Amino acid sequence: MSFDKNDEFYVGYLSEAPAGVAGLIKKVVIALLALAAFIAVLLVVNQSPFYPSLFEFGTYRSFEGVIQEKPYPTLLVKRPGEAGKLPGFSQYYLVSFGKFGAAEAVKGLDGQQVTLEGSLIYRDQQTMIEIVDGSISQVERSNGAAGLSVEGEGQKLGNFTLTGEIVDSKCFLGVMNPGNLKPHKSCAIRCISGGIPPVFAVQDKNGMTNYFLLLSADGQSVNQDVLKLIAEPVKISGDVYQYGNLLVLRADPEKYELM
Amino acid sequence: MSVNYQAVLWNRQKKIYDRVLAAGVLLYLIIFIVFGAIVHPNATAEILMIRGFGTASLLLLHIILSIGPLCRINTRFLPLLYNRRHLGVTMFILALAHGILSTIQFHVLGNTNPFVSIFTSNQDYTSLSNFPFQPLGLFALGILFLMAATSHDFWLANLTPPVWKALHMLVYVAYALIVLHVVLGVLQAETQPLLVILLAAGMVWIFALHLVAANKEKPADMQVAELQAEGYTEVCGVDEIANNRGKIVLLAGERVAVFRYDDKISVISNVCQHQNGPLGEGKIIDGLVTCPWHGFQYRPQDGASPAPFTEKIPTFNVKVIDGRVWVDPRPNLPGTPVEPARIGS
Ligand code: FES
């Protein structure tokens, strides 16, 4: 069809657009649909890779172990086999439903053997349990519970200066993916202010992430002190401790440096 | 053609438009979310949906903002304009889905009211790279809501066209807010250069298109359509009036005088203030409309007699398109200056 006919005039309430106009519009619409599909594909393949992590949302498992209340609630569960140099237990972070830590849920249960229900959250070697509300029940302490504890402040490994990002452990370990950086910042602020353990995620040379639970120099929680530095590149110098299965970085939050 | 008949036909075009729109949106979302889930098995479904709805809405906004200037550049694009409101409402719904999902994901189930949290979780309002980007998105969504809610003709009529039009110009504010929301939000984490390039290309396209359209004379048929919409009436051809003479035409039952002088057209009341003489039968002497009966004079531009006289007669707004004279039948108050229409244009 010809596009030289300039005298065609389209009126919206007519049933048919003039042939020339209709032909052009058809082409434009097809081009737009193709463009939309093309842009969708471009955007899909140009997103940054999503690191493997998992939240077993809706799947509830039973766990039995000993509660460690401090510095953040964890559950110590006996390993089935020999663990070599590692402690004879697995240590799971405990958090509550939503953007809340589990401090309330485990209050007064320090050192007690319990059963609880929860959903697993994990990334790399880090594991967390989102406790089902009200599912914790204290049980008779069994022989198997012997050795399920971390003494004192753990074992000091030395002083290190590390560069990384402060993340809320719950989202970063798998509840959200991605669960860090600017788009996630406000959520991480909510989570950490709600008691989720703040973790310092540090990439090593090989791109592997190392996880350091953040505590103040005297071993107290720093949740309310780190809110301004979340989701930004931060440098922290402090003492690293092996605390059960966890690495703990102890430093005065006043001395965290924004890069 | 009966009124009913028109309504049925009108619906047919509308239905095609809406079906194509729905198909396009679905196509985009399915590719983004389903293909996205295959390419990125570790991504959570919520994130893919948040990103899918957000980008679909932004893409649609680019299309919406392109239609206006495209139609000014070439009237053949007019069918796209015809049901643009549905594009706008669809874009708002996509943006709303993005906003609701993001709010649930990032702010609900926390220790603060989600809406307070949007504004207070990140308080780095003085930083640039760290600026809280979510309130920007929320403000844009508010504007899109106002526009979607008032898109019906009911509001066009009740708000009056100038207010309605001003309200809908806010779409450019919304566009700017959304671009900032993207730049200060997801682009701070997603570092693939292509994403920045795409966003920049979209902005350049919108800007260039508006520039081209602004520099182009509107096609005559569009100008006519606009004048008709504003209530103008075609009264005569320029060539029916001799230079420095007038022509009396009937306008909404009233006689008015159309004068031609210096390649210009002015329209004033036909009734002389002196004794109701027919001004249109007079001529222009020394640049003044001169009454044929006793010689009272009026400036054609504002209907006022030159000092020291104080007579004033009503003037009329006038346009010339393709050699035809179009007059707004609503008279201006006596003595109101009116820009004469240029015959050349
Ligand atoms: S009527 Fe016009 S000058 Fe007397």
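Quick caveat, the model's predicted, so the values are computed rather than measured. Sequence lines set the chain letters: A, B, ... in the order given, protein chains first and strands last, and positions in each chain run from 1.
Heavy-atom pairs under 4.5 Å with chain B were tallied for A:Val44, A:Leu33, A:Leu181; the largest tally goes to A:Val44. Of all the listed residues (B:Gly185, B:Ala43, B:Ser102), the one sharing the greatest number of non-hydrogen pairs under 4.5 Å with chain A is B:Ala43. In terms of heavy-atom pairs under 4.5 Å with chain A, the best-connected choice from B:Thr112, B:Leu27, B:Val20 is B:Thr112. Heavy-atom pairs under 4.5 Å with chain A were tallied for B:Ile30, B:Leu194, B:Val39; the largest tally goes to B:Leu194. With respect to chain B, the highest number of heavy-atom pairs below 4.5 Å among A:Pro52, A:Gly194, A:Cys171 belongs to A:Pro52. Per-residue counts of heavy-atom pairs under 4.5 Å with chain B were compared for A:Pro178, A:Pro49, A:Gly179; the largest is that of A:Pro178.
At a 4.5 Å heavy-atom cutoff, the contact between A:Leu32 and chain B is made by side-chain atoms alone. Residue contact with chain A, scored on non-hydrogen atoms closer than 4.5 Å, involves the side chain of B:Leu198 exclusively. Residue A:Phe55: no heavy atom, backbone or side chain, is found under 4.5 Å from chain B. Contact annotation for B:Val108: only backbone heavy atoms (N, CA, C, O) come within less than 4.5 Å of a heavy atom of chain A. Proximity to chain B involves both the backbone and the side chain of A:Val41, based on heavy atoms less than 4.5 angstrom apart.
Between B:Tyr28 and A:Leu43, the closest side-chain pair of non-hydrogen atoms falls below 4.5 Å. In this structure the side chain of B:His107 reaches within 4.5 angstrom of the side chain of A:Ser186, judged on heavy atoms. A:His184 has its side chain within reach of B:Phe106: a pair of non-hydrogen atoms, C-beta onward, lies under 4.5 Å apart. B:Asn111 is not listed as a side-chain neighbour of A:Lys99, based on a closest heavy-atom distance of 4.5 Å or more. Side-chain contact check for B:Gln105 versus A:Cys187: every heavy-atom pair is 4.5 Å or farther apart. You'll find the side chain of B:Ile47 stays beyond 4.5 Å of the side chain of A:Asn177, heavy atoms only.
Within a 6.0 Å sphere centred on OH of A:Tyr51, other residues, nucleotides and ligands contribute more than 12 heavy atoms. Atom CZ of B:Phe115 is surrounded by 12 or fewer heavy atoms from other residues, nucleotides or ligands within 6.0 Å.
When every heavy atom of B:Leu195 is checked against every heavy atom of A:Asn46, the shortest pair comes out as CD1-O, 3.8 Å. Between A:Pro183 and B:Phe133, the shortest heavy-atom contact is CA-CZ, 3.7 Å.
For the atom pair B:Ser121 OG and A:Ile192 CD1, the distance stands at 12.0 Å (nearest 0.5 Å). Here the NE2 atom belonging to B:His40 is positioned 4.5 Å from the CD atom belonging to A:Gln47, to the nearest 0.5 angstrom. The line from CD1 of A:Ile25 to CG of B:Leu80 is 4.0 Å long, rounded to the nearest 0.5 Å. The distance from atom CZ of A:Phe38 to atom CD1 of B:Ile31, rounded to the nearest 0.5 Å, is 11.5 Å. For the atom pair NZ (A:Lys228) and CG (B:Asn122), the distance works out to 10.0 Å, reported to the nearest 0.5 Å.
Defined by atom type and a distance below 3.5 Å, a donor-acceptor pair is missing between the side-chain atoms of A:Ser53 and B:Asn42. B:Asn130 and A:Lys185 share a donor-acceptor pair across their side chains, judged by distance under 3.5 Å alone.
Taking non-hydrogen atoms and a 4.5 Å limit, the residue list of residues 121-135 of chain A in contact with chain B is empty. At a heavy-atom cut-off of under 4.5 Å, chain A is reached by B:Thr55, B:Leu59, B:Ile63 from residues 54-65 of chain B, listed in order of number.
Within the 3.5 Å criterion, the main-chain N or O of B:Pro132 finds no donor-acceptor partner in the side chain of A:Lys182.
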Any chance you could lay out the side-chain hydrogen bond (donor to acceptor under 3.5 Å, both in side chains) test for A:Ser48 and B:Gln192, step after step, and finish with the verdict?
CA-CA 7 Å; A:Ser48 302; B:Gln192 289 291 325; 5.5 Å; no
